[in-house]
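Below, read A as the first sequence line, B as the second, and so on, with proteins coming before strands; counting in each chain starts at 1. All values reported here derive from a predicted model rather than from experimental measurement.
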Protein chains: 4
Amino acid sequence: MFPSIDPQNGIPIFEQVCRQVKYAIAQGAYHSGEMLPSVREMAQKMAVNPNTVSRSYRELQREEIIEAIRGTGMQITPNATALCKKERKRLIQERISSVLQEAHASQVSKSDILGWLEKEVQRLWK
Amino acid sequence: MFPSIDPQNGIPIFEQVCRQVKYAIAQGAYHSGEMLPSVREMAQKMAVNPNTVSRSYRELQREEIIEAIRGTGMQITPNATALCKKERKRLIQERISSVLQEAHASQVSKSDILGWLEKEVQRLWK
Amino acid sequence: MFPSIDPQNGIPIFEQVCRQVKYAIAQGAYHSGEMLPSVREMAQKMAVNPNTVSRSYRELQREEIIEAIRGTGMQITPNATALCKKERKRLIQERISSVLQEAHASQVSKSDILGWLEKEVQRLWK
Amino acid sequence: MFPSIDPQNGIPIFEQVCRQVKYAIAQGAYHSGEMLPSVREMAQKMAVNPNTVSRSYRELQREEIIEAIRGTGMQITPNATALCKKERKRLIQERISSVLQEAHASQVSKSDILGWLEKEVQRLWK
DNA sequence: GTGGTCTAGACCACC
DNA sequence: GTGGTCTAGACCACG
């Protein structure tokens, strides 16, 4: 279900956990009203310190993607799916914009950049 | 010549200094055999502690982009321009590949992604 | 465990720390997966500033002898022992080659040099 | 006559100049009572800053290998040849002793070390 | 003047 | 608790 995390790649572990939960929600692996695994369960699944999972959940709560049900656990909010999808889209567009801007600043020619983009798009979307 | 650095953006200052020097070399602002501004001079220009610049220069030395001439200063190596240009190209291609991969994994449709790319390329390369 | 360092012998302290760690690993005092003493601990043991130890650890990281586990400490990499042993061997062979070359260039006779070598080897290896 | 110096190898340039002069004297290229080239001349020959040659000469004077003749230049002292030869011998013996000691401390086997020594001696003294 | 090293003390994010 | 970064100020050898 969750690919495990990489403690060496510079991205904080709690951030990686957040991303994976959001990703799972955006893909429809969790739906509104479902419960997320408990902190301890999730920590074990991901081979991560429970404190770290706890921090991730706190973060997700702040973004209103999950909410704490006292004595029960963390529940996916009604608009979680929409939020996660929207965020993914925004993030991807931002990254595209930023990399193209840098390419332009580095004086990469239009034909070079179009070539690279074409190649990757072909490869991925077959 | 050098835009100043942003101490708040998460990227370590010494890393920002490295990047700016590499960028300047890639753009042809420095050529092989020229001397880089002295540690103290650069530190003042960028409003940064000399130790920080020193660390950046050490890093650039390790990457064989500059070399220290004792008692004299830091000199651009013969192949610095090639190295910097190559690195920029590699970085941009990697980022393009990675963002498109994520877009694909998020099930963005081919037409959507092509639309976004087209729009940005038009905007930047006029 | 670690003999302390000599701040007066021309070799930078951070370099001496690196060497001692590598030496300890080559001798089998540390094994893959173990944690190195923390920066602050090592600094106290060696009566050195923590920043200096930090620089040594950074260097060892670059050589892939240890890796940083965030919030946890520095861990010996899987191939650290092999790397350290190999480096020691390389260094010794280089030094032998260089001193013999200089002896030859200085027109030391073959019998003289053999005599000196024999004497030292006997003395050390009993 | 003088091989040129290497500004990148860690050994101070003034030290390299000293060594080369001593080496030349030990080899009999200069004899007692002869004059050394002037600071300016030597600096040009070696492509080095005159200040640096000056410092080397000062050093050689301190070791009583040359002496200043006012208004004339630097003269090789009567016992220069003996001193230089003796120093070379001492240096070589010290370095041999030190590297063998390190090899022993690193638990290199007697047969390994003998093999390496043999190979190098054969190669150099043919 | 140059770069290189070291110390001291501070602050940060992470686990 | 951990490592990582930054600043400040000092000292050194080199050219």
Side-chain angles (χ1 to χ4, degrees), chain A residues 5 7-8 10-17 43 46-56 59, chain B residues 5 7-8 10-17 35-43 46-61 66-75, chain C residues 5 7-8 10-17 35-43 46-61 66-75, chain D residues 5 7-8 10-17 43 46-56 59:
Chain A
I5 56 93
Q8 313 284 5
I11 302 170
I13 294 178
F14 81 88
E15 178 65 25
Q16 294 185 48
V17 173
M46 297 205 170
V48 158
N49 189 306
N51 279 328
T52 307
V53 175
S54 184
R55 174 155 180 200
S56 303
E59 195 62 25
Chain B
I5 54 94
Q8 312 283 9
I11 301 169
I13 295 179
F14 80 89
E15 178 63 28
Q16 295 185 47
V17 174
M35 305 305 282
L36 224 46
S38 79
V39 168
R40 293 157 175 85
E41 210 178 321
M42 182 69 94
M46 298 209 169
V48 160
N49 188 292
N51 273 326
T52 306
V53 175
S54 188
R55 179 164 175 194
S56 303
Y57 280 12
R58 205 186 313 141
E59 197 61 27
L60 292 168
Q61 239 180 312
I66 60 178
E67 52 194 0
I69 310 286
R70 280 195 311 249
T72 303
M74 310 299 286
Q75 193 183 36
Chain C
I5 55 92
Q8 312 284 7
I11 301 170
I13 294 179
F14 80 89
E15 179 64 27
Q16 295 184 48
V17 173
M35 304 304 283
L36 224 46
S38 79
V39 169
R40 293 156 174 86
E41 212 178 320
M42 182 68 95
M46 296 208 168
V48 160
N49 186 292
N51 274 325
T52 306
V53 175
S54 188
R55 178 164 176 192
S56 303
Y57 280 12
R58 203 186 314 141
E59 198 60 28
L60 292 169
Q61 238 179 313
I66 61 179
E67 52 194 0
I69 311 286
R70 282 194 313 248
T72 305
M74 310 299 284
Q75 192 182 38
Chain D
I5 56 93
Q8 312 284 7
I11 301 169
I13 293 178
F14 81 88
E15 177 66 25
Q16 294 185 48
V17 173
M46 296 206 169
V48 157
N49 189 307
N51 279 328
T52 307
V53 174
S54 184
R55 173 152 179 202
S56 303
E59 195 63 24

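Atom pair D:Gln8:CD and E:dG3:C1' shows a separation of 13 Å (rounding to whole Å applied). Distance B:Met42 CE to E:dG4 P: 14 Å, rounded to the nearest Å. One can place CG of C:Leu60 at 11 Å from P of F:dG4, the figure rounded to the nearest angstrom.
For D:Gln16, the side chain to side chain donor-acceptor pair (under 3.5 Å) test picks out D:Asn9, with sequence neighbours left out. Partners of D:Glu15 by side chain to side chain donor-acceptor pair (under 3.5 Å), not counting sequence neighbours, listed by chain and number: D:Arg19. With sequence neighbours excluded, the residues satisfying side chain to side chain contact (heavy atoms under 4.5 Å, CB included) with A:Gln8 are A:Asp6, C:Glu67, C:Ile69. Scanning for side chain to side chain donor-acceptor pair (under 3.5 Å) contacts around B:Gln61 gives an empty result, with sequence neighbours left out.
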- DNA chain E in dot-bracket form (Watson-Crick or G-U pairs under 3.5 Å, [ ] crossing, | inter-strand) is ||||||||||||||.

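The two residues B:Tyr57 and B:Ser38 have their closest heavy-atom pair at OH-O, 4.2 Å. When every heavy atom of C:Val53 is checked against every heavy atom of C:Ala43, the shortest pair comes out as CG2-CA, 3.6 Å.
Note on C:Gln61: only backbone sugar-phosphate atoms sit closer than 4.0 angstrom, heavy atoms only; bases stay farther off.
Projected onto DNA chain F by closest heavy-atom contact, C:Arg58 and C:Ser38 fall at different nucleotides, the more 5' of which corresponds to C:Ser38.
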- Query: If the sugar-phosphate is the primed atoms plus P, OP1 and OP2 and the base is the rest, what is the B/S/- string for nucleotides 8-15 of chain F, using protein heavy atoms under 4.0 Å?
  - Reply: BB----BS

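Atoms CG and CG, on C:Leu60 and C:Leu36 in that order, are 7.5 Å from each other to the nearest 0.5 Å. Going from atom CZ of B:Arg40 over to atom OG of B:Ser54 covers 9.0 Å, rounded to the nearest 0.5 Å.
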